Amino acid sequence: MNWIVTIIVGGIIGWLASIIMKTNAQMGIIANVVVGIVGSSLGFWMAGLAGLAAYGAIAQWAVAVLGAAVLIFILKAVGLFK
């Protein structure tokens with residue numbers, strides 16, 4: 001059951017990040033899920049390095065979406081998205 005929730009939440013986070021980064025038309029559902037899961041992990045890792053902790057659901061969602069947006073920015077810099 002946890003994997004299903006992870007996939008659904010990852011898809012939502014990836015979708016929100018793709019809207020913020022204006023790559024929504026270029027990304028499908030699989031890309032949204034992958035970017036959401038990996039980007040969320042990246043966001044929490046970066047927050048930990050900065051000494052920040054996300055307490056509460058809203059802060060955790062914000063960190064996850066920002067991490068996914070950073071991942072999309074990196075992928076755009078590499079040339080995966082235009």
Side-chain angles (χ1 to χ4, degrees):
M1 188 68 176
N2 289 336
W3 284 103
I4 295 170
V5 172
T6 301
I7 290 170
I8 292 170
V9 171
I12 294 169
I13 289 170
W15 174 65
L16 290 172
S18 69
I19 290 173
I20 291 170
M21 297 300 291
K22 304 200 184 336
T23 59
N24 193 29
Q26 301 171 13
M27 295 175 61
I29 191 165
I30 302 295
N32 281 335
V33 170
V34 172
V35 165
I37 293 171
V38 175
S40 175
S41 298
L42 177 67
F44 281 100
W45 177 72
M46 289 185 327
L49 284 179
L52 302 173
Y55 296 113
I58 295 173
Q60 290 173 349
W61 276 85
V63 168
V65 171
L66 288 174
V70 168
L71 179 62
I72 292 173
F73 177 79
I74 292 168
L75 293 174
K76 283 173 80 173
V78 171
L80 197 58
F81 296 119
K82 295 181 181 186

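Computed from a prediction, not measured in an experiment: that's the story for all the values here.
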Identify the heavy atoms of Ala54 and Val63 that sit nearest to each other, and give their distance.
CB-CG2, 3.8 Å
Should Val65 and Tyr55 be counted in the same cluster of Ile, Leu, Val, Met, Phe, Trp and Tyr side chains packed under 4.5 Å apart?
no
Looking at every non-hydrogen atom in both residues, tell me the closest pair between Ile13 and Trp61 and how far apart they are.
CG1-CZ3, 3.6 Å
Mind checking the CG-CE spacing from Leu75 to Met21? Nearest 0.5 Å is all I need.
9.5 Å
Are Met46 and Ile72 connected in the hydrophobic side-chain network, where two residues link if heavy atoms are under 4.5 Å apart?
yes
Is Thr23 reaching over with its side chain to a backbone N or O of Ile19, donor-acceptor style, under 3.5 angstrom?
no
Looking at Phe44, I'd like to know if its CZ atom is crowded, meaning that more than 12 non-hydrogen atoms belonging to other residues, nucleotides or ligands lie closer than 6.0 Å.
yes
Neighbour count >12 (heavy atoms, 6.0 Å) for atom CG, Leu49
yes
Distance check, rounded to the nearest 0.5 Å: Leu16 atom CG versus Asn32 atom CG?
9.0 Å
Looking only at heavy atoms, the pair that brings Ala69 and Ala17 closest together is N-CB, 3.7 Å
Applying the side chain to side chain contact (heavy atoms under 4.5 Å, CB included) test to Leu71, which of Val35, Leu66, Val34 qualifies?
Val35
What one should report as the nearest heavy-atom pair of Gly67 and Leu42 is O-CD2, 3.8 Å
Hey, quick one: are Val9 and Trp3 part of the same hydrophobic cluster, counting side-chain heavy atoms closer than 4.5 Å, chains of contacts allowed?
no
